[in-house]
Amino acid sequence: MRSLIDILELSTEELDELLNTADDIIENPQKYAHKCEGKKLATLFFEPSTRTRLSFEAAMYELGGHVLGFSEAKSSSASKGESVADTAKVVSCYADIIAMRHPKEGAPLVASLNASIPVINAGDGGHNHPTQTLADLLTIRRKKGRFNNLTVGFCGDLKFGRTVHSLIAALSRYKNVNFVLISPKELVLPQYIKDILTAKGIGFTETADLQEAMPELDILYMTRVQQERFFNEEEYLRLRDTYILTPEKLDNAKSDLIILHPLPRVNEISVAIDKDPRACYFDQVLNGKYMRMALILKLLEVK
Ligand code: NCD
């Protein structure tokens with residue numbers, strides 16, 4: 001029995017397999033409509049979510065399965081002091097697979113060590129978010145057709161942005177990928193991730209200037225400043241609007257750039273960009289559902 005806590009637990013071959021399954025689901029949805037009949041997904045969300053929880057639930061329904069769960073910690077026994085380990089043991093009696101989001105880094109890992117069913121990390125604090133990476137990878141493959149030979153700009157909150165951490169890890173395994181890390185100095189990528197890039201000989205540069213980086217980018221991954229991870233409200237208010245992508249700022253961008261954002265967007269991307277064919281953030285939303293369907297099938301070992 002396997003869980004998915006960190007994106008690197010999937011080999012690149014397994015990622016290809018999931019991406020191929022997602023492509024096939026898009027082409028032939030009826031083939032998959034009964035694959036999970038009689039199976040139950042538990043969504044244990046101790047933190048707010050729109051896309052991740054609803055896409056997991058939609059994914060399970062589209063596979064013919066059922067869903068149970070909670071969407072806030074205060075409606076679960078966590079509010080009475082129950083541990084994540086005990087919750088995982090209990091939910092293992094009711095469901096076949098768990099998707100868990102938690103504000104504490106490592107909580108889904110603890111759940112997976114105590115559950116008797118697969119656990120999927122649906123976001124743990126400012127650490128990782130592997131299933132958003134699955135959505136990002138399907139979008140990149142469908143739009144750009146490759147993972148090699150890409151210059152990828154990450155812009156905004158690279159410190160707390162868990163989607164950034166997981167996508168950098170995933171892309172680090174391909175050839176000739178360069179990262180441009182665009183953030184204010186207060187929100188730079190954590191040192192432990194930069195150390196991994198350096199050890200693997202992967203090229204990256206750090207800058208605070210989005211405009212200067214723009215012309216070389218094949219992918220621009222915008223992020224929200226993660227208000228809920230700040231200790232200091234004043235600092236959040238000072239940093240939240242550091243980068244606002246407007247149509248003029250794309251004047252010197254490549255014509256085949258793709259603009260990604262895990263969403264929710266606050267101010268980072270002007271709505272005027274939505275009409276630009278390079279804007280792919282709503283594609284990511286739909287692709288996330290297909291990749292979660294593929295992942296559920298894999299972890300439940302459904303043929
Ligand atoms: C992201 C998250 O929860 O980390 N959202 C998502 O799952 N698509 C990004 C964010 O909240 O900024």
Side-chain angles (χ1 to χ4, degrees), residues 4-7 22 41 43-59 69 71-73 98-109 119-140 152-170 181-184 186-187 189-190 193 219-230 236-237 239-245 258-269 274 279-293 295-296:
L4 179 66
I5 304 302
D6 186 309
I7 193 68
L41 163 75
T43 50
L44 312 184
F45 276 60
F46 297 84
E47 254 195 355
S49 170
T50 299
R51 269 150 299 273
T52 306
R53 187 172 61 85
L54 297 188
S55 70
F56 264 115
E57 297 189 354
S71 56
E72 47 182 1
I98 291 172
M100 176 186 277
R101 169 170 289 187
H102 201 286
K104 283 206 181 111
E105 288 80 2
L109 172 64
V119 175
I120 301 169
N121 178 3
D124 64 326
H127 187 213
N128 281 330
H129 193 345
T131 64
Q132 180 63 44
T133 300
L134 297 179
D136 302 340
L137 292 175
L138 183 62
T139 309
I140 294 170
V152 188
F154 287 91
C155 178
D157 187 347
L158 311 188
K159 179 179 181 188
F160 298 118
R162 56 193 175 193
T163 67
V164 171
H165 306 161
S166 292
L167 183 56
I168 287 180
L181 308 172
I182 308 151
S183 74
E186 294 86 346
L187 298 176
L189 192 72
I193 303 176
I219 298 173
L220 171 58
Y221 196 97
M222 295 295 294
T223 62
R224 173 179 71 90
V225 175
Q226 307 280 294
Q227 176 175 18
E228 62 275 39
R229 315 266 177 244
F230 278 68
Y236 165 70
L237 294 173
L239 294 172
R240 67 175 176 184
D241 291 330
T242 311
Y243 302 102
I244 300 177
L245 191 64
I258 63 169
I259 304 164
L260 303 180
H261 189 310
L263 305 180
R265 141 176 77 184
V266 186
N267 266 334
E268 314 79 55
I269 303 181
D274 298 0
C280 299
Y281 25 93
F282 291 107
D283 299 286
Q284 283 166 277
V285 176
L286 188 56
N287 289 336
K289 181 182 71 177
Y290 297 125
M291 285 304 274
R292 290 179 175 107
M293 290 172 79
L295 179 66
I296 290 168

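Counting starts at 1 for both ligands and their atoms, in listed order.
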* Parallel, tilted or perpendicular: which fits the ring planes of Y221 and F154, with parallel below 30° and perpendicular above 60°? -> tilted
If the plane angle is over 60° it's perpendicular, under 30° parallel, otherwise tilted; pick one for H261 and Y281.
perpendicular
Contacts of T242 meeting side chain to side chain contact (heavy atoms under 4.5 Å, CB included) (sequence neighbours excluded), chain-then-number -> P184, L239
Residue set satisfying side chain to side chain contact (heavy atoms under 4.5 Å, CB included) with P130, at least two apart, ordered chain then number -> L4, I7, N121, N128, S166
Sorted by chain and residue number, the ring-ring contact (aromatic ring centres under 6.0 Å, His included) partners of F282 (sequence neighbours excluded) come out as none
Under 4.0 Å from ligand 1, residues with heavy atoms, in chain and number order, are R51, T52, R101, H129, Q132, R162, T163, R224, Q226, P262, L263, P264
Rounded to the nearest 0.5 angstrom, the NE2-CG distance for H165 and L158 is 7.0 Å
